[in-house]
Amino acid sequence: MTTGPRFRFAPSPTGSFHVGGARTALQNWALARRLGGTFVLRIEDTDEARNRPEWTQGIIDALAWIGISADDAHFEGPHFQSEYADAHLAAARRLFDDGHAYYCDLNGDQIQARAQELGLTGYDGYSRDRGLGPGPGHVLRFRVPDGTTVVDDLVRGEVSFDNRTIEDFVLVRGNGTPVFLLANVVDDIEMAITDVVRAEEHLPNTPKQQMLWNALGHAAPRWAHVPVLVNEQRKKLSKRRDKVALEQYRDEGYLADAMVNYLMTLGWTPPGAEAAGSEIVSWAEIESAFRLDDVTHSPAFFDVKKLAAFNGDYIRQMPLDEFVERAGEELPAEWDRERFAAIAPYIQERLTTLREVPEKIDFLFWPDDADVTYDDDSWAKAFGPDWAVPLLGDVIGAYGALGDWSAEALKMALEQVMAPYEVKLGKAQAPVRVAVTGRSVGPPLFESMEVLGRTETQRRLSSALAAVTQSASGDGR
RNA sequence: GCCCCCAUCGUCUAGUGGCCUAGGACACCACCCUUUCAAGGUGGCGGCACGGGUUCGAAUCCCGUUGGGGGUGCCA
């Protein structure tokens, strides 16, 4: 039995896990760990989700990916609401018995008509003293007390609400089922939650929840409302128009560590980051330093470019063998792993995501004797200069005479060959590169040729020479 | 409509009344390095929304304006 604070993270399953949710989960997780508390995962039990267990599993998997494991968490789902359904109704009954709630038989149209007549915007408390009991079509409403409700928020300070601006809200529907607000509060009470850290969008509903906690005889938990994540239009990130699924970033080759690090820098800066000149920090540092007091108050734009920069950084930091293993997962099954391992060190520092690996080195895995597909622009640029063709011929000759087929030897041979043409290595390697890889950019050339092997390299060099000679002789392209 | 929140470079932020000639990161630009592309190094561009106060002194405190966002349901 832990005595520390109990944080809860309560996502609703929707088929994908929102990056904003991931950030909130991480903040709760960091706090729970540092304070020796408990991280309670409570997945909402909606009808839709009940028919799609994979949605719930998706949340668990996504959390596991960013280092929050159900084993360490207090896991309460799925079908959570049904588990506590009796408690919801019992609480409603208690509220009614204690006079904190009353029944009302007005329907939506009637409420609207009254509001219009009285010049109000919502429900006017018509049934407060009519002494109605439960019955078909009767909703249970909370009797909002006079006065002011002050929400003491750990990131925003005291926020006060005039209770006159809060109408007597519904607790139980006309069909006898409790609404989410009530269920949520009762669940929190049942699970002895002490700290609620969630997105700012919930702040306006907090006074209602706080009044419910109090009416049910409990002190409200500590509240903390962290800023929302927004898109470039400064609107809350939405599943419909923005790329928000954590799983998608995972599938695109982003690393969990980079994602976690980046997410935590939204609304918060690790202490020491400025002095270090870097915002790249380990989870251990984050966990020991994260404070709600230090969280920003304004919304943050989720910038994929910065995420990508973090990701590239993390990829470069990886030990080589780990990189080979993880990048290897992105490769087609038939690609030779040993060959990949040989070239891996040269592409590790040229990536922003793991997903980009295959396209950078595909030329090493084309079947032998396959025609090379040349990129038109690269070809034109490489063979534009008049020295290009003769140089390529010389290279083929020199490489044919080469004893040691190593990157070092290949480089030296080219340097010798290019000397009479008075061009620099940067220029001279271009036609060779295009001939061998089909493109003008790629991993280091000589290392690539070493890995490719003598036979295939020479074959590509020769067929490129044949192609360029043919086109120069007037056959067109 | 009503209520609530927010406001520092393009973006994320540091800043809690003098240390600010406003610092860092990402992006961008230039140069260096260089085997293309990256990476790395150096430098540069660029910001306290506006108007009033308070104070010897304001990015920092107060008020207002403007702008943005969120909430407001017998949805969750």
Side-chain angles (χ1 to χ4, degrees), chain A residues 10 12-14 44-49 81 104 106-108 111 119-122 137-141 151 153 156 159-162 164-167 169-181 183-184 199-208 225 227-228 230 232-236 262 265-269 271 273-280 294 296-303 305-310 312-313 316 346-352 360 378 381-382 407 410-411 414-415 424-430 432-434 437 439-448:
Chain A
S12 47
T14 59
E44 285 175 22
D45 182 32
T46 61
D47 288 341
E48 235 182 334
Q81 276 192 27
C104 175
L106 258 41
N107 62 34
I111 290 168
L120 298 172
T121 44
H138 291 195
V139 300
L140 184 69
R141 285 182 179 274
V151 172
D153 191 284
R156 275 148 224 284
V159 183
S160 58
F161 298 81
D162 184 341
R164 283 173 301 190
T165 66
I166 303 171
E167 65 174 32
F169 52 94
V170 172
L171 260 19
V172 179
R173 302 188 186 91
N175 66 7
T177 60
V179 302
F180 175 74
L181 187 75
N184 200 32
E200 183 196 355
E201 57 196 291
H202 295 107
L203 185 54
N205 276 322
T206 308
K208 293 180 186 175
H225 290 88
V228 292
V230 298
E232 47 274 86
Q233 273 80 238
R234 301 259 109 202
K235 297 246 167 46
K236 193 168 70 166
Y262 174 63
T265 66
L266 259 20
W268 180 74
T269 306
E274 184 173 346
S278 170
E279 293 176 355
I280 305 291
D294 301 332
T296 312
H297 295 189
S298 47
F301 169 56
F302 184 81
D303 186 1
K305 273 193 177 172
K306 191 161 179 177
L307 203 214
F310 273 46
D313 215 295
R316 271 171 251 125
Y346 304 106
I347 57 162
Q348 183 173 6
E349 63 186 20
R350 277 155 236 263
L351 300 168
T352 73
K360 295 221 184 283
S378 298
K381 224 175 117 188
L410 288 161
K411 184 183 176 193
L414 177 59
E415 281 171 336
K424 292 193 170 174
L425 185 55
K427 294 268 187 204
Q429 56 94 47
V432 179
R433 177 182 290 280
V434 173
T437 73
R439 296 183 292 262
S440 58
V441 299
L445 216 215
F446 307 110
E447 288 75 2
S448 295

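Chain letters run A, B, ... following the sequence lines, proteins first, then strands; residues in each count from 1.
- Below the 3.5 angstrom threshold, one finds no donor paired with an acceptor across the side chain of A/Arg234 and the base of B/U11.
- Comparing the C1' positions of B/U21 and B/A59 gives a spacing of 14 Å, expressed to the nearest Å.
- Applying the 4.0 Å criterion to OP1 and OP2 of B/G69, one finds that A/Lys235 has a side-chain N or O inside that range.
- Among the protein residues, A/Gly426 comes within range of the sugar-phosphate backbone only, with heavy atoms under 4.0 Å from sugar or phosphate atoms but none that close to a base.
- Base-pair partner of B/C28: B/G44 (Watson-Crick or G-U wobble, both distances under 3.5 Å).
- Rounded to whole Å, the distance from CG on A/Leu425 to P on B/U35 is 5 Å.
- Rounded to a whole Å, the CZ atom of A/Phe169 is 22 Å from the P atom of B/C2.
- The same atom, P, is picked in B/U42 and in B/C33; the two are 15 Å apart, to the nearest Å.
- A donor-acceptor contact shorter than 3.5 Å links the side chain of A/Tyr262 to the backbone of A/Asp303.
- The side chain of A/Leu266 approaches B/C12 more closely than any other nucleotide in the set B/A38, B/C12, B/A76.
- Whole-Å rounding puts the A/Glu232 CD to B/C12 C1' distance at 14 Å.
- Within a 6.0 Å sphere centred on CZ of A/Arg234, other residues, nucleotides and ligands contribute more than 12 heavy atoms.
- Residue A/Gly108 is out of contact with every strand shown, counting any heavy-atom pair closer than 4.0 Å.
- Among the nucleotides B/A25, B/C3, B/G23, the one closest to the side chain of A/Phe161 is B/C3.
- Contact between A/Arg316 and A/Leu351 at its shortest, heavy atoms only, is NH2-O, 4.3 Å.
- Across B/A14 and B/U8, the matching P atoms stand 11 Å from one another, rounded to whole Å.
- Between B/G68 and B/C75, the two C1' atoms lie 26 Å apart (nearest whole Å).
- Among the atoms of the strands shown, only primed sugar atoms or phosphate atoms (P, OP1, OP2) are found under 4.0 Å from some heavy atom of A/Phe301.
- Residue contacts for A/Ser440: at a heavy-atom cut-off of 4.0 Å it reaches a base atom on one of the strands shown.
- Contact annotation for A/Arg316: backbone-only contact, meaning every heavy-atom pair under 4.0 Å involves sugar-phosphate atoms and none involves a base.
- Distance from the side chain of A/Arg350 is smallest to B/C37 among B/C37, B/A38, B/U13.
- The shortest heavy-atom contact between A/Glu44 and A/Pro13 is O-CD, 3.3 Å.
- Residues A/Arg433 and A/Thr437 have side chains that never bring a donor and an acceptor to within less than 3.5 angstrom of each other.
- Within the nucleic acid shown, A/Thr165 comes within 4.0 Å of sugar-phosphate atoms alone, with no base atom in reach, counting heavy atoms only.
- With RNA chain B read from its 5' end, the first of the two nearest nucleotides for A/Asn175 and A/Lys236 is the one closest to A/Lys236.
- Protein atom CZ of A/Arg439 is 15 Å distant from nucleotide atom P of B/A38, rounded to whole Å.
- B/U65 and B/A49 make up a base pair, with Watson-Crick or G-U wobble contacts both under 3.5 Å.
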Between the protein and nucleotides 59-66 of chain B, are there any N/O to N/O pairs under 3.5 Å, and if so, what are the atom names and distances?
none

Stepwise side-chain contact (heavy atoms from CB on, under 4.5 Å) test for A/Thr269 and A/Glu274: CA-CA 9 Å; A/Thr269 306; A/Glu274 184 173 346; over 6 Å; no
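- Taking all atoms of both residues into account, the shortest heavy-atom contact from A/Lys236 to A/Glu201 is NZ-OE1, 3.0 Å.
- Checking B/C5, B/U36, B/U8 against the side-chain heavy atoms of A/Ser298 singles out B/U8 as nearest.
- Nucleotides B/C48 and B/G23 are separated by 13 Å at their C1' atoms, to the nearest Å.
- Rounded to an integer number of Å, the gap from A/Glu447 CD to B/A38 C1' is 14 Å.
- Here, B/C62 and B/A25 have their P atoms 31 Å apart, quoted to the whole Å.
- One donor-acceptor pair, N or O on each side, does fall under 3.5 Å between the base of B/A25 and the side chain of A/Lys306.
- Separating the NZ atom of A/Lys208 from the P atom of B/C75 is a distance of 13 Å, rounded to the nearest angstrom.
- At most 12 non-hydrogen atoms from other residues, nucleotides or ligands lie less than 6.0 angstrom from CD of A/Glu48.
- Each of B/U13, B/C5, B/C12 was ranked by its minimum atom distance to the side chain of A/Val159; first place goes to B/C5.
- The residue A/Val170 sits close only to the backbone: its heavy atoms come under 4.0 Å of sugar-phosphate atoms, none of a base.
- In this structure, B/C2 forms a base pair with B/G71, meeting either the Watson-Crick or the G-U wobble geometry with both donor-acceptor distances under 3.5 Å.
- At a threshold of 4.0 angstrom between heavy atoms, the contacts of A/Glu167 are confined to the sugar-phosphate backbone, with no base atom among them.
- Base contact: A/Leu106 has a heavy atom under 4.0 Å from a base atom.
- Heavy-atom minimum distance, A/Arg156 versus A/His297: NH1-O, 3.3 Å.
- For the pair A/Ala309 and A/Pro443, nearest-nucleotide mapping onto RNA chain B gives the more 5' position to A/Ala309.
- Across B/U36, B/A25, B/G71, the shortest atom-to-atom separation from the side chain of A/Glu279 is found for B/A25.
- When every heavy atom of A/Ile111 is checked against every heavy atom of A/Arg141, the shortest pair comes out as CD1-NH2, 3.2 Å.
- Across all strands shown, A/Thr296 has heavy atoms under 4.0 Å from sugar-phosphate atoms exclusively, and none from any base.
- Residue-level contact check: A/Ala430 touches neither bases nor backbone, having no heavy atom under 4.0 Å from any strand.
- One atom, CD of A/Glu201, and another, C1' of B/G73, lie 16 Å apart when rounded to the nearest Å.
- For A/Ala300, the listed nucleotide lying nearest its side chain is B/U13; candidates were B/A76, B/U13, B/C74.
- Of the possible donor and acceptor atoms, none in the side chain of A/Arg439 sits under 3.5 Å from a partner among the backbone N and O of A/Val434.
- Atom P of B/A49 sits at a distance of 14 Å from the matching atom of B/C12, rounded to the whole Å.
- Here the C1' atom of nucleotide B/A27 and the OH atom of A/Tyr262 are 12 Å apart, to the nearest Å.
- When the C1' atom is used for both B/A58 and B/G15, the distance is 13 Å, rounded to whole Å.
- Base engagement by A/Gly174 is indicated by at least one non-hydrogen atom pair under 4.0 Å involving a base atom.
- Side chain of A/Asp153 to main chain of A/His225: a donor-acceptor pair is present (N/O by atom type, distance under 3.5 Å, no hydrogens or angles).
- Proximity of A/Asn205 to the phosphate of B/U72: a side-chain N or O atom is located under 4.0 Å from OP1 or OP2.
- Nucleotide B/C37 has no partner under the Watson-Crick or G-U criteria, as no pair reaches both atom distances under 3.5 Å.
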